[in-house]
Amino acid sequence: MNITQHTDYALRLLMYLGTCTERRVTIKEVAERFDISRSHLMKVVTGLVAKGFVDGARGKGGGLRLARAATQIGLGDVVRGMEPSFELVECFGSGSHCLLDPACRLKGALAGALQAFFAALDRLTLADLIGDDGQLHAVLGIPQADAQAPRPTIEIRLGTRAD
């Protein structure tokens, strides 16, 4: 089974947005980073906005950001929302003309495999893909929010004072 390029780009975009929580991101920025067509990415963004995964704003100060926390975006939901069909074989559709259909066990096996595929995706969120170890940030060249603002350290000495 393959997911479409459309869904692949959707997942990449979501991962990118998940690393840029402090600001809005432009389509141009993402298209250049991944070396993909801006017009194709615009179609992906339109779908992600319509499904409620991404918030888009036009104009000055506009751009894209996640519509909800990365922990609230399930991978199974994204794939289901972006893929046009899950008809792995002809008999999954309504217009099957397969001679084997009445006695076929392959259909059941493939249906079970598809269920297992989604069960695995449903256990993961976008936050799982982003991680918290900074590796994705480093690959994308995006500083982590924590790294941008180091916390001051305070030294406290306890003891008695000798006068």
Side-chain angles (χ1 to χ4, degrees), residues 1-90 92-94 107 109-154:
M1 178 179 160
N2 287 333
I3 60 171
T4 61
Q5 187 178 56
H6 191 80
T7 302
D8 178 27
Y9 289 171
L11 292 168
R12 290 188 209 187
L13 174 64
L14 290 172
M15 290 170 68
Y16 194 89
L17 294 177
T19 63
C20 298
T21 57
E22 304 298 317
R23 64 181 176 88
R24 287 191 177 267
V25 173
T26 65
I27 289 174
K28 179 183 177 192
E29 176 184 341
V30 177
E32 288 175 358
R33 171 53 81 196
F34 289 113
D35 193 27
I36 58 179
S37 161
R38 284 173 63 181
S39 63
H40 191 124
L41 190 58
M42 187 63 176
K43 293 175 189 173
V44 171
V45 167
T46 300
L48 289 169
V49 168
K51 303 288 183 195
F53 297 115
V54 171
D55 173 52
R58 295 180 184 261
K60 185 174 172 117
L64 308 170
R65 68 176 175 207
L66 294 178
R68 53 188 188 251
T71 56
Q72 300 301 312
I73 298 176
L75 295 188
D77 294 335
V78 174
V79 173
R80 283 183 192 92
M82 300 306 289
E83 281 295 307
S85 170
F86 295 102
E87 295 178 4
L88 299 181
V89 290
E90 176 193 357
F92 275 35
S94 58
K107 183 177 182 177
L110 291 176
L114 185 60
Q115 287 176 344
F117 172 73
F118 278 112
L121 291 180
D122 289 339
R123 288 190 293 270
L124 299 169
T125 68
L126 180 59
D128 294 318
L129 297 184
I130 295 166
D132 58 3
D133 60 4
Q135 286 183 331
L136 186 60
H137 288 82
V139 168
L140 292 172
I142 299 169
Q144 280 186 277
D146 291 341
Q148 291 176 348
R151 295 184 181 126
T153 57
I154 300 171

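Numbering of residues begins at 1 and proceeds along the displayed sequence. All heavy atoms count here, side chains included; hydrogens, waters and symmetry mates do not.
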Checklist line | Nearest heavy-atom neighbours spanning Thr71 and Ala127 | finding: CG2-CB, 3.7 Å
Next item on the list: With rounding to the nearest 0.5 Å, note down the distance linking CZ in Arg24 to CD in Glu29.
Entry: 13.0 Å
Next item on the list: With side chain to side chain contact (heavy atoms under 4.5 Å, CB included) as the test, would you mind laying out the steps for Leu140 and Phe34 before giving the verdict?
Entry: CA-CA 9 Å; Leu140 292 172; Phe34 289 113; 4.0 Å; yes
Item checked: Worked verdict on Ile142 versus Tyr16 for side chain to side chain contact (heavy atoms under 4.5 Å, CB included) -> CA-CA 9 Å; Ile142 299 169; Tyr16 194 89; 3.6 Å; yes
Note to self: To check you understand the geometry: which heavy-atom pair defines the closest contact between Gly81 and Lys51, and what is its length?
What the structure shows: O-CE, 3.1 Å
Note to self: Please enumerate all residues that pass side chain to side chain donor-acceptor pair (under 3.5 Å) together with Arg80, with sequence neighbours excluded.
What the structure shows: Asp122
Next item on the list: Could you go through the side chain to side chain contact (heavy atoms under 4.5 Å, CB included) check for Leu126 and Leu17 one step at a time?
Entry: CA-CA 10 Å; Leu126 180 59; Leu17 294 177; over 6 Å; no
Notebook entry, point to check: What pairs of residues pass the ring pair (Phe, Tyr, Trp, His ring centres under 6.0 Å) test when at least one of them lies in residues 44-88, not counting sequence neighbours?
Noted result: Phe86-Phe118
Notebook entry, point to check: Below 4.5 Å, heavy atoms only, C-beta onward: do Gln72 and Thr125 meet side chain to side chain?
Noted result: no
Next item on the list: Only counting residues at least two apart or in another chain, list the ones meeting salt bridge (charged side-chain N to carboxylate O under 4.0 Å, His left out) with Glu83.
Entry: none
Margin query: Are more than 12 heavy atoms, taken from residues, nucleotides or ligands other than Asp128, located less than 6.0 Å from that residue's CG atom?
Written below: yes
Next item on the list: Heavy atoms only: give me the nearest Ile130-Ala70 pair and the separation to one decimal.
Entry: CD1-CB, 4.1 Å
Checklist line | Interatomic spacing from CG in Leu66 to OG1 in Thr21 - rounded to 0.5 Å | finding: 8.5 Å
Next item on the list: Please round to the nearest 0.5 Å and tell me the distance separating atom CG of Leu41 and atom CG of Leu13.
Entry: 5.5 Å
Note to self: Working to the nearest 0.5 angstrom, can you tell me the gap between Leu48 CG and His6 NE2?
What the structure shows: 7.0 Å
Next item on the list: Report the residues that fulfil side chain to side chain donor-acceptor pair (under 3.5 Å) with Ser85, sequence neighbours left out, ordered by chain and then residue number.
Entry: none
Item checked: Euclidean distance, Leu11 CG relative to Leu129 CG, rounded to 0.5 Å -> 7.0 Å
Notebook entry, point to check: Where do Gly52 and Ala67 come nearest, in terms of heavy atoms and distance?
Noted result: O-CB, 3.3 Å
Margin query: Minimum heavy-atom separation for Val25 and Cys20, please, with both atom names.
Written below: CG2-CB, 3.6 Å
Next item on the list: For residues 57-70, pull every pair meeting salt bridge (Lys or Arg N to Asp or Glu O under 4.0 Å), keeping only residues two or more places apart or in separate chains.
Entry: Asp55-Arg65
Check: With side chains defined as the heavy atoms from C-beta onward, is the minimum distance between Val45 and Val30 less than 4.5 Å?
Finding: no
Next item on the list: Might you point out which heavy atoms bring Pro84 and Thr4 nearest each other, and give the distance in Å?
Entry: CD-CG2, 4.1 Å
Check: Can you list every pair that meets salt bridge (Lys or Arg N to Asp or Glu O under 4.0 Å) and has a residue in residues 33-42, with sequence neighbours left out?
Finding: none
Check: Does any non-hydrogen side-chain atom of Leu121 lie less than 4.5 Å from one of Phe117?
Finding: yes
